[in-house]
Amino acid sequence: MMIRFYLLDVSYEVRGREPVILLWGLNEKSEPILLIDKSFRPYFYILPEEDVDAEKLIPLIKALSKPSSPILEVKVVDRKYYGRPVKALKVTTSIPEYVRTYREEAKKVKGVSEVLEADIRFSMRYLIDKDISPSTWLEVEAVESEGSQRFRVRKIYEVKGEFKNAGIDLPPPLKVMAFDIEAYNPRGSPIPEKDPVIIVSLADNSGDLEILTAGEGPKGDLDLIPQFTERVRAKDPDIIVGYNSNGFDWPYLVKRAELLGIKLDVGRSADGLPRTSVYGHISIPGRLNVDLYDFAKEIYEVKVKSLEEVAEYLGVMKKSERVLIPWFEIYKYWDDKAKRETLLKYARDDVISTLGLADKFIPFAIQLSSLTGLPLDQVGAASVGFRLEWFLIRAARKFKELVPNRVERPYSTYKGAIVLQPVKGIHENIAVLDFSSMYPSLMIKYNIGPDTFVDGECSEEECYVIPGLNYRFRKEPPGFYKNVLTTLLSLRKKVKEELRKYKPDSPQYRLLNERQKALKVLANASYGYMGWTGARWYFKEGAEAVTALGRETIQKAIEIAKELGLRVIYGDTDSLFVSNDRDKIEQFIEKVRDELGLEIKVDKVYTRVFFTEAKKRYVGLTLDGRIDIVGFEAVRGDWTDIAKDVQEKVAQALLTSGKPEDAIEYVRRVIKDLRMGRIPLEKLVIWKKLTKKLEEYDVSAPHVEAAKKLVELGVKVVPGTEVGYVITKGSGSISSRAVPFIIAKPEDIDTEYYVKHQILPAALRILSYFGITEKQLEAAGKAQKTLVDFLTSKKQKSK
DNA sequence: GCGGCGCTACTACCT
DNA sequence: ACAGGTAGTAGCGCCGCG
């Protein structure tokens with residue numbers, strides 16, 4: 001019979017000496033089903049050396065075969081390698097493990113140049129070869145198969161035919177369950193060897209909410225964990241979401257269960273437990289375990305990526321409307337019976353927020369999953385580079401291109417983009433023009449890639465010559481990158497056209513919009529990917545060529561702008577800030593299109609924009625009256641809130657020229673408040689991320705010293721930990737006085753540090769341009785030359 | 001012993 | 001753990017200084 005199903009995940013198991021592919025899915029009634037395929041076999045490729053006849057290698061490879069782990073087939077196939085047609089050997093083995101064995105032995109055979117695609121996991125191999133993706137609807141001829149006690153699905157089928165993609169369509173109603181655990185933590189970070197799980201909160205998209213609690217004592221979770229597994233199995237979610245669940249909740253539960261002798265049996269397979277899998281994510285058989293923190297990390301606007309902050313930013317739950325408990329005090333709320341109710345509410349708010357985040361992130365994740373072919377639970381955990389790489393691997397198969405091996409290369413750098421020195425000061429009515437997808441467009445236009453590169457002579461007739469580098473790229477035929485990028489961009493164009501057919505609040509619109517965003521992300525990653533030494537399709541000369549062309553493009557654009565009489569104020573990589581002269585800009589856009597063959601368009605207009613002498617920093621007033629702050633302290637996560645607030649106020653006053661003297665007054669008032677101890681401690685916290693292990697730091701830095709103090713308190717500190725600290729009074733270096741804010745007392749704060757190193761620098765960054773000095777800001781009361789005086793005197797001068 | 005200087009380490013930003 | 005370009009803070013070693 002024909003089965004139509006939505007593919008969730010893929011895995012495999014070995015039965016006897018046969019690998020069996022397991023396709024976890026949902027049928028049209030949204031019931032969990034399993035499709036098994038026993039017919040697929042693992043394989044890899046052998047690339048013979050240049051002058052070696054592939055046929056003659058066959059017996060040599062066959063001779064490696066051992067009866068206990070046989071090679072099933074060796075045959076010559078036509079493929080391409082970096083665009084060049086090659087004869088390769090396809091070596092098929094019986095089970096995936098043998099691929100690893102034979103690839104090593106094959107490498108040693110004389111006449112073998114390279115072993116390829118031996119590092120592609122079997123289940124991914126299946127999806128790629130069948131050209132099917134998780135998070136899509138599929139159709140296949142299948143027969144119902146014997147039920148098995150092992151699999152907790154509605155039905156099991158055996159695949160009998162070829163898959164058909166059933167098109168882009170809305171996903172079935174997916175059962176999403178959010179979970180969150182709280183652990184007892186009297187010594188800082190909870191230690192699974194000692195501290196029990198005290199609360200497990202569960203919420204699902206059918207509206208159910210459950211807060212499970214532990215009994216008393218160090219083994220109070222002995223009943224709690226089985227309750228949790230029971231609830232998961234009863235609810236039978238397709239997707240389980242958590243917040244940092246791969247980093248905390250799952251590993252903690254796994255460890256506790258192990259210690260207590262409980263089977264953490266939450267999957268759709270009775271013999272499968274949660275286990276660490278690719279990209280550090282935790283895999284649960286038959287369900288998609290999605291850690292939403294992976295997606296939260298990608299929101300750069302949110303500086304401190306706690307669940308509360310991210311939920312607040314996305315409008316999922318207001319901080320003001322929820323219970324907030326500092327994580328290091330959780331145990332107190334548990335021990336104190338009067339406070340326990342508050343803790344339960346906190347756990348509830350956390351799990352509701354988590355479920356809310358799923359709503360925001362999952363639709364995008366689904367699109368990314370269907371495009372890259374990575375299952376939903378992996379796609380978030382995989383870095384940008386790997387997401388694109390899987391997309392490329394799938395594309396390679398369509399072009400019969402062999403996938404290059406991942407090789408370790410030393411880090412290597414090359415010249416990048418141009419950043420113009422800004423014309424400092426306030427500029428009125430400025431348009432910001434951006435090249436549309438500059439780097440991808442250049443890659444397409446100049447056919448850049450490893451397979452089109454010509455090492456040696458090539459006429460300008462046949463090749464593009466890259467300015468300044470003397471690199472040459474064949475004009476024809478289109479290379480791998482060009483093909484892939486053309487596909488990505490034309491797909492995106494099609495999706496955007498389709499988008500217009502739907503109302504913005506319809507589910508279809510949402511789906512297509514997320515899809516076009518995912519396509520954009522992949523296209524924009526291609527240049528960076530090419531220059532990444534870890535990439536399979538790494539090609540430094542190509543990346544160098546792209547930036548060289550980018551530099552030439554922006555230089556030419558500046559020339560065109562100047563010829564037209566447009567004043568260029570600033571520019572960075574692919575953007576230009578010019579006087580907003582409608583007619584000239586129209587001509588400019590046309591000329592750029594005609595002469596450079598690239599699209600540039602007005603991205604935004606500032607009624608007023610201010611630059612200091614620094615690059616990558618400006619503040620602008622948009623047409624709708626908003627203030628854009630770019631690069632300055634006010635948008636940096638490693639400055640205190642108080643300094644950021646002050647700078648924002650100053651910027652606002654400056655640009656709206658409403659009452660700029662208020663800015664100075666404001667700065668003074670804040671300094672006064674600070675000295676009076678009227679600024680809450682939270683506004684004085686500096687957040688910095690640890691990028692490596694504590695012992696790897698060469699010099700002492702405030703956040704490192706603060707982190708060491710955290711460790712003393714029993715807090716777990718790993719690379720990636722955000723350290724929040726304050727500077728306290730005393731003698732010695734700033735580092736020695738940096739203290740984790742969680743143990744800092746307001747009376748210990750070194751207010752003068754905050755005046756001199758936070759508020760004044762942030763305010764003066766902008767105000768010093770107007771001749772305002774530190775003294776003036778610090779001086780109380782006395783009238784100084786105000787910003788208004790300055791602005792009016794300047795205007796008169798220019799008249 | 002200490003302030004100034006130049007350099008390095010480090011982080012977070014911009015495109 | 002996709003790229004390079006950039007600003008900025010704090011630490012640290014060195015120099016000069018009777």
Side-chain angles (χ1 to χ4, degrees), chain A residues 278-280 294 297-298 300-301 303-304 381-389 391-392 406 408 411-422 432 434-435 437-440 443 521-540 542-548 550-551 554 570-577 603 612-618 628-640 643 686-692 696-705 719-720 722-723 727 732-738 753 756-758 761-762 764-765:
Chain A
V278 280
Y279 313 120
D294 287 329
K297 281 190 281 195
E298 291 169 25
Y300 85 101
E301 291 93 335
K303 311 294 174 182
V304 178
S383 69
V384 174
F386 287 114
R387 291 175 192 172
L388 177 63
E389 188 149 281
F391 186 86
L392 294 178
R406 185 171 293 290
E408 275 206 44
Y411 180 70
S412 162
T413 171
Y414 57 89
K415 204 167 165 204
I418 288 180
V419 187
L420 302 186
Q421 192 61 51
V432 183
D434 273 350
F435 279 96
S437 311
M438 185 200 246
Y439 285 175
M443 286 169 77
V521 165
L522 292 173
N524 287 345
S526 56
Y527 148 73
Y529 174 86
M530 189 163 67
W532 171 39
T533 51
R536 287 176 191 266
W537 279 277
Y538 171 68
F539 189 55
K540 183 177 168 174
E544 270 185 291
V546 174
T547 55
R551 293 192 297 272
I554 194 109
Y570 176 64
D572 184 349
T573 311
D574 62 349
S575 71
L576 284 178
F577 290 53
D603 180 50
T612 65
E613 45 285 288
K615 297 171 174 182
K616 297 190 184 276
R617 297 187 149 204
Y618 54 90
D628 262 359
I629 304 183
V630 180
F632 282 111
E633 286 77 2
V635 294
R636 291 181 62 102
D638 56 351
W639 280 71
T640 58
I686 301 164
W687 289 95
K688 268 204 170 80
K689 193 188 267 160
L690 288 175
T691 56
K692 45 190 174 185
E696 288 169 0
Y697 282 91
D698 292 329
V699 292
S700 75
H703 70 298
V704 178
E705 296 307 310
E722 302 258 10
V723 182
I727 305 301
S733 67
I734 293 168
S735 291
S736 67
R737 292 183 285 121
Y753 169 84
K756 276 208 158 50
H757 294 257
Q758 289 282 330
L764 286 170
R765 194 82 61 212

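Each chain gets a letter, A, B and so on, in the order the sequences are listed, and its residues count up from 1.
Within the 4.0 Å cut-off from OP1 or OP2 of C/dC12, at least one side-chain nitrogen or oxygen of A/Ser700 is found. In terms of phosphate contacts, A/His703 brings a side-chain nitrogen or oxygen within less than 4.0 Å of OP1 or OP2 of B/dT11. Side-chain N/O atoms of A/His757 include one lying less than 4.0 angstrom from OP1 or OP2 on C/dA10. Checking the phosphate oxygens (OP1, OP2) of C/dC2, a side-chain nitrogen or oxygen of A/Ser383 falls inside 4.0 Å. Side-chain N/O atoms of A/Tyr697 include one lying less than 4.0 angstrom from OP1 or OP2 on B/dT11. One finds a side-chain N or O of A/Tyr753 lying less than 4.0 angstrom from the OP1 or OP2 phosphate oxygen of C/dA10. Between A/Arg765 and the phosphate of C/dG8, there is a side-chain N or O to OP1/OP2 separation shorter than 4.0 Å.
Closest of all the heavy-atom pairs between A/Leu388 and A/Ser526 is CD2-CA, 3.5 Å.
Considering only side-chain atoms of A/Ala525, the nucleotide from C/dC2, C/dG8, C/dA7 that sits closest is C/dC2. For A/Trp532, whose side chain is taken as the heavy atoms from C-beta onward, the closest listed nucleotide among C/dT9, C/dC2, C/dG5 is C/dC2. Listed candidates were C/dT6, C/dG11, C/dG4. Nearest to the side chain of A/Tyr527 is C/dG4.
A/Lys616 and A/Asp572 are joined by a salt bridge, as a carboxylate oxygen and a charged side-chain nitrogen come within less than 4.0 angstrom of each other.
Note on A/Tyr414: only backbone sugar-phosphate atoms sit closer than 4.0 angstrom, heavy atoms only; bases stay farther off. Counting non-hydrogen atoms under 4.0 angstrom, A/Trp639 reaches the backbone sugars and phosphates but no base. At the heavy-atom level, A/Thr533 lies nowhere under 4.0 Å from the strands shown. Counting any heavy atom pair closer than 4.0 Å across all strands shown, A/Tyr538 reaches no nucleic acid atom. In this structure, A/Thr547 reaches neither bases nor backbone, as no heavy-atom distance under 4.0 Å exists between it and the strands shown. Looking at heavy-atom distances under 4.0 Å, A/Thr413 makes contact with sugar-phosphate atoms alone, never a base. Contacts of A/Lys540 with the nucleic acid, taken as non-hydrogen atoms under 4.0 Å apart, are absent. As judged by a 4.0 angstrom heavy-atom cut-off over every strand, A/Gly528 is placed among the base-contacting residues.
A cation-pi geometry, defined here as NZ or CZ lying under 6.0 Å from the six-membered ring centre and within 45° of its normal, holds between A/Lys692 and A/Tyr697.
The nearest whole Å value for the distance from the CG atom in A/Leu388 to the C1' atom in C/dC2 is 8 Å. Rounded to an integer number of Å, the gap from A/Phe386 CZ to C/dA1 P is 9 Å. Going from atom CD1 of A/Ile686 over to atom P of C/dG8 covers 17 Å, rounded to whole Å. One can place CZ of A/Arg536 at 15 Å from C1' of C/dC2, the figure rounded to the nearest angstrom. One interatomic measurement links the two molecules: CD of A/Glu705 to C1' of C/dC12, which rounds to 14 Å at whole-angstrom precision. In this structure, CD of A/Glu298 is placed 16 Å from P of C/dA1, rounded to the nearest angstrom. Taking atom NZ of A/Lys756 as the reference point, atom C1' of C/dA10 lies 17 Å away to the nearest angstrom. C/dA3 atom C1' lies 12 Å from atom CG of A/Asn524, rounded to whole Å.
Aromatic ring pairs are classed by plane angle as parallel below 30°, tilted from 30° to 60° and perpendicular above 60°; the pair A/Tyr279 and A/Phe386 is tilted.
Here CZ of A/Arg617 is found 11.5 Å from CD1 of A/Ile629. Values are rounded to the nearest 0.5 Å. A distance of 11.0 Å separates CZ in A/Arg551 from OG1 in A/Thr573, rounded to the nearest 0.5 Å. Within the model, atoms OG1 of A/Thr612 and CG of A/Leu764 stand 12.5 Å from one another, a figure rounded to the nearest 0.5 Å. For the atom pair CG (A/Leu690) and NE2 (A/His703), the distance works out to 5.0 Å, reported to the nearest 0.5 Å.
Residues A/Lys415 and A/Glu544 form no side-chain contact, since every pair of their non-hydrogen atoms from C-beta on lies 4.5 Å or further apart.
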Is there any protein nitrogen or oxygen under 3.5 Å from a nitrogen or oxygen in nucleotides 12-15 of chain B, and what are the pairs?
unit_1 : atom_1 : unit_2   : atom_2 : d
B/dA12 : OP1    : A/Lys689 : N      : 2.9
B/dA12 : O4'    : A/Arg636 : NH2    : 2.9
B/dA12 : N3     : A/Arg636 : NH1    : 3.4
B/dC13 : OP1    : A/Lys303 : NZ     : 2.9
B/dC13 : OP1    : A/Val635 : O      : 3.1
B/dC13 : OP1    : A/Gly637 : N      : 2.7
B/dC14 : OP1    : A/Gly631 : N      : 2.8
B/dC14 : O2     : A/Lys616 : NZ     : 2.9
B/dT15 : OP1    : A/Tyr618 : OH     : 2.9
B/dT15 : O3'    : A/Asp574 : OD1    : 2.2

Protein N or O to nucleotides 1-3 of chain B N or O, pairs below 3.5 Å:
none

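The ring pair (Phe, Tyr, Trp, His ring centres under 6.0 Å) test applied to A/Tyr538 returns no partner, not counting sequence neighbours.
A/Gln758 places a side-chain N or O within donor-acceptor distance of the main-chain N or O of A/Thr640, the cut-off being under 3.5 Å.
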